[in-house]
Q: 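Sharing a structure, written as structure tokens. Questions coming.
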Amino acid sequence: VLLLAFSVVVFAHAELCKPDAQNAFKVRLSIKTALGDNAYAWDANEEYLFKAMVAFAMRRYSSKSTTQISNVLLCNVTDRVSFWFVVTDSAKNVTTVPGSEVEAAIRMNRNRINSAFLLNDKTLQFLKISSTISPPVEPSTPAWLIVFGVVLCLTVAGIIFLIVSGIQRRKKKNKESSDTENLEEKCEVTVTIENGIPCETLDLKAGHINGVYTADDERFASL
Amino acid sequence: MEKPRPLWDNPLQFVFACISYAVGLGNVWRFPYLCQMYGGGSALLSCYLAKPSGEGKKKKVLMAVGQRMRRGSIGAWKMISPYLCGVGVASVVVSFFLSMYYNVINAWAFWYLFHSFQDPLPWASCPLNSNRTGYEAECARTSPTQYFWYRRTLNIAPSMEASGALQWEQALCLTLAWLVVYLCILRGTESTGKVVYVTASLPYCVLIIYLIRGLTLHGAVNGLIYMFTPKLEQLANPKAWISAATQIFFSLGLGFGSLIAFASYNEQSNNCERHAIVVSLINSTTSIFASIVTFSIYGFKATFNYESCMNKVILLLTNAFDLEEGSLTADNLGAVRAHLQAAHPQQYAELLPQLRNCSLEAELDTAVQGTGLAFIVYSEAIKNMEVPQLYSVLYFFMLLMLGIGSMLGNTAAILTPLTDSRFIATHLSKEVVSGLVCFVNCVIGLIFTMEAGNYWFDIFNDYAATLSLLLIVLVETIAVCYVYGIRRFEKDLHTMIGHKPSWYWKVMWAFASPLLIISLFIFYITDYILTGTLQYQAWDATQGQLVTKDYPGYALAVIGMLVAASTMCIPLGALLTLLWRWLRRE
């Protein structure tokens with residue numbers, strides 16, 4: 001009788017858990033990618049832990065403490081490491097818990113399951129169960145506006161400084177040139193009186209004529 | 001009595017100003033593209049053969065003209081012959097168009113620079129879609145860097161007709177860019193002379209840092225080998241030579257009037273011959289130097305993409321056939337694939353469409369130029385380096401320095417003739433004129449910040465300066481050699497630098513340059529006639545790539561107007577002068 005019961009259980013197991021069975025999920029682990037040299041080997045103990053985590057997730061989700069580790073069935077474990085699992089309902093015989101429930105339970109406890117295996121969403125994949133990706137942290141004021149503001153203020157300050165100093169310099173020069181102009185006028189007046197030579201005869205054209213500008217008045221006038 | 005003309009504090013400032021103007025973004029993004037298109041070795045070869053005959057002498061002529069006449073471009077050409085005032089005006093018009101759109105590049109550089117102060121970089125990964133189950137659709141179809149450029153930066157419209165709204169972020173960056181330019185040109189040579197020390201030397205520092213970093217990157221060697229292997233069949237392709245000639249031509253910025261403007265602030269005794277040669281040499285060396293840096297970055301990016309592609313294929317196969325992790329590597333991939341194909345033919349056949357053939361050559365061959373290279377390819381390479389923020393800041397700061405250096409030249413070309421004109425100089429001060437020019441350019445530049453702005457930018461980039469510039473430089477060369485007289489020019493050079501130019505220069509000026517320019521000109525005209533209608537590349541968000549479209553009618557009209565506005569100045573100027581003289585005679 002025992003043998004019969006055992007064979008029934010095994011048969012049920014094979015029936016319920018097989019690739020693409022109803023309410024079955026495929027899991028894929030990439031331990032070497034995640035941990036490199038610290039990778040652990042996937043053996044029966046790890047499988048036991050996995051069953052325990054799924055049972056834990058089901059318990060937390062439905063909050064009825066009826067799911068046992070023996071309710072989680074694993075099959076088709078490959079070298080990749082990937083396998084299929086299904087959760088049976090202990091209340092009703094030989095049926096599986098609906099896939100939506102399992103999915104919701106896993107989703108809720110994804111973090112805990114990942115941490116138990118030292119993996120993350122990418123290296124411990126439940127195919128068909130999509131995970132929400134955490135968005136990058138966004139500060140309240142975009143960082144670029146702050147830098148922009150700083151540069152803008154510096155530039156405007158520089159411009160104002162240059163303009164103001166230019167105006168001041170020009171005022172000083174004007175004052176100075178008006179002072180020297182008065183002086184020059186006095187000098188010229190004295191020169192005129194002393195030498196008796198009026199200023200108008202001082203011919204500017206008596207200077208050196210640049211051969212480049214051959215006599216063509218057109219050029220000067222049109223500037 | 002005339003106010004004394006402002007001078008550079010020392011000849012070094014003039015050289016730095018010319019370097020800063022000539023070494024611009026073109027050296028960084030156009031020359032490497034040419035190397036890639038026509039095979040590095042052949043591009044180098046053609047450049048070295050074309051350069052001595054091309055630029056040094058043209059540069060020398062323009063510098064000499066400016067230095068001798070001590071006037072901006074309009075005044076200088078008027079002195080050579082009153083009928084040539086149109087040439088000066090044409091130069092100013094071209095510079096005006098150029099400065100309108102060029103500063104938009106600086107605005108983009110500012111945008112990327114400000115966004116580099118984040119961890120992680122915003123173009124490192126795709127943003128999430130609304131229900132957080134995956135990445136945003138458009139970003140998933142292309143790469144995060146392209147998404148950041150086309151969507152986040154430009155917010156580009158699907159075609160030119162849908163012009164869309166003004167992007168306030170870009171408008172802000174553009175305003176800032178113009179304010180910075182205004183700050184630099186505010187005081188004329190006094191301020192420009194100091195600024196060019198920074199804008200000329202800083203890019204070299206950054207390039208050296210990038211050279212060291214680039215050469216130590218994994219896979220950089222692949223890029224360098226690719227760069228130096230000549231594509232011998234391309235040497236026979238006339239397009240390669242023509243592109244090389246065009247690149248040399250435009251990279252020096254001849255014909256914009258900037259060189260004349262800068263040189264006009266020189267002392268008459270300045271040795272412009274030596275400076276011309278120095279600046280040309282530095283320009284060519286910079287191009288090659290920048291290519292080495294760019295190609296090591298290319299090599300790194302190509303190797304990185306190649307290895308990611310291989311890893312994806314390996315992962316796909318490992319998952320599909322449930323093989324042990326790590327059993328499949330790049331080395332045994334071929335053998336294992338063959339084995340799998342034999343063992344599970346049906347499953348393998350189903351998988352085949354997803355298995356891309358990864359090729360390092362294909363990755364290296366993706367040639368991108370212009371804004372694509374600077375903002376997409378480089379940012380993609382940077383995000384994969386360690387401490388990407390540092391390299392990103394350095395790189396975009398360098399782009400900014402290069403861009404501002406060139407902008408100083410452009411605005412000098414516009415402002416010098418304006419401030420030389422007695423009418424304007426008596427009514428408005430230098431600061432006000434500069435401010436007005438910057439303001440007008442900024443307002444017009446807002447067009448380029450609209451959603452379809454990038455398409456208008458491409459129009460300006462391709463057509464505002466190319467044909468008109470060729471014509472202007474041709475007329476300039478002919479004017480100096482034949483109208484002014486080569487003997488008079490010789491004598492002027494003799495008075496300025498102390499010795500007469502050798503017969504090599506004279507032959508080059510009188511015959512070789514005009515011939516070269518005419519041939520380039522003919523080539524462009526025939527090329528346009530042969531290809532028929534003009535087309536542009538539009539970004540298709542649904543496909544996640546660029547598609548080719550025809551220009552709408554009004555865009556073609558604008559292109560025609562751009563080319564006409566500058567070229568028509570030359571005959572118009574001559575005509576008006578003729579008319580004026582005829583009227584005066586009567």
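Below, chains carry the letters A, B, ... as their sequence lines are ordered, and counting in each starts from 1.
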Q: Heavy-atom pairs under 4.5 Å with chain B: which of A:Ser30, A:Gly166, A:Ala39 has the most?
A: A:Ser30

Q: Does any heavy atom of chain A fall under 4.5 Å from the side chain of B:Leu323, the backbone, both, or neither of them?
A: backbone

Q: Under a 3.5 Å cutoff, is there a donor and acceptor pairing between the side chains of B:Ser308 and B:Asn311?
A: no

Q: Set out, in order, the CA-CA distance, both residues' side-chain angles and the distance that settles side chain to side chain donor-acceptor pair (under 3.5 Å) for A:Asn111 and A:Asn114, then state yes or no.
A: CA-CA 5 Å; A:Asn111 234 6; A:Asn114 286 349; 4.8 Å; no

Q: Kindly check if the number of other-residue, nucleotide or ligand heavy atoms within 6.0 Å of CH2 (B:Trp582) is above 12?
A: no

Q: Among A:Ile163, A:Thr78, A:Ile159, single out the residue with the greatest number of heavy-atom pairs under 4.5 Å to chain B.
A: A:Ile159

Q: Checking heavy atoms, do the side chain of B:Leu113, its backbone, both or neither come under 4.5 Å from chain A?
A: neither

Q: Which region of A:Leu29, side chain (C-beta onward) or backbone (N, CA, C, O), has a non-hydrogen atom less than 4.5 Å from a non-hydrogen atom of chain B, or is it both or neither?
A: backbone

Q: Does NZ or CZ of A:Lys128 lie under 6.0 Å from the centre of the six-membered ring of A:Phe25, at an angle within 45° of the ring axis?
A: yes

Q: Verify side-chain contact (heavy atoms from CB on, under 4.5 Å) between B:Cys184 and B:Met407, making sure each step is shown before the conclusion.
A: CA-CA 10 Å; B:Cys184 298; B:Met407 276 307 293; over 6 Å; no

Q: Taking side chain as everything from C-beta outward and backbone as N, CA, C, O, which of these in A:Val150 sits under 4.5 Å from a heavy atom of chain B? Side chain, backbone, both or neither.
A: neither

Q: For B:Phe321, is it the side chain, the backbone, both, or neither that has a heavy atom closer than 4.5 Å to a heavy atom of chain A?
A: neither

Q: Does NZ belonging to A:Lys171 count more than 12 external heavy atoms closer than 6.0 Å?
A: no

